[in-house]
Amino acid sequence: MSEGELGQRWQQLIDGTTCPFCHPRPDSNEYWLLVQQLSAGTLYLDRNQTYRGKSLLIFDRRHVTGLEKLSTDEFLEFTSDLRVAAHAVASFCAPDLMNYASLGNVIPHLHWHIIPRYGNDPRWGKPIYTTSEGEVPETLLRAQEYEQLTDSLRNALP
Ligand SMILES: [Zn+2]
């Protein structure tokens, strides 16, 4: 892909034209499984479960690239969703620590990664993100295990 094509691709992601996080959004795909729609966002379980319970909270209302673009009401509702989701994840995973990341470097549509951390996880003491791909292998589960995890998360939500 040329630099111009990359620039155009990025521009279409930024302006929402080709944004995969905008509606209509599939309930499940190769990256996530639906847990539940909350107030301003929808919670998904990340298919990569290297960090057990790792989830994704995507802002639903419209295409925005970051918190700075939200109204006060949207911000309060979305961060309230984040707290509710984090509480649910922590309550059934019992992690040693919780990490929260909102980056948007790949998909610039506002979302949070909710990342339970464990003393024995492969990046304990460091951010989960690495500079070389494949440094921490993905952990994929069987369909039944995903179902159990999404059920547990749903049951832990208010
Ligand atoms: Zn979007």
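We count ligands from 1, going down the list as the structure has it; atoms in each ligand are counted the same way.
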Could you give me the CA-CA distance, side-chain angles and deciding distance for His113 and His111, then say whether ring pair (Phe, Tyr, Trp, His ring centres under 6.0 Å) is met? CA-CA 7 Å; His113 296 276; His111 60 282; 5.0 Å; yes

Please report, to 10°, the angle around the Zn ion (ligand 1) from atom SG (Cys22) across to atom SG (Cys19).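 For SG of Cys22 and SG of Cys19, the angle centred on the Zn ion (ligand 1) reads 120°.
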
His63, N/O/S atom nearest the Zn ion (ligand 1): ND1

His109, N/O/S atom nearest the Zn ion (ligand 1):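 This turns out to be ND1.
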
Within 45° cone and under 6.0 Å: Arg47 NZ/CZ vs Tyr146 ring: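 Relative to the ring axis of Tyr146, which defines the angle, Arg47 lies inside both limits.
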
Return the orientation label for the Tyr44 and Trp32 ring planes: parallel under 30°, perpendicular over 60°, tilted otherwise. tilted

Should Tyr51 and Leu45 be counted in the same cluster of Ile, Leu, Val, Met, Phe, Trp and Tyr side chains packed under 4.5 Å apart?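 Result: no, two separate clusters.
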
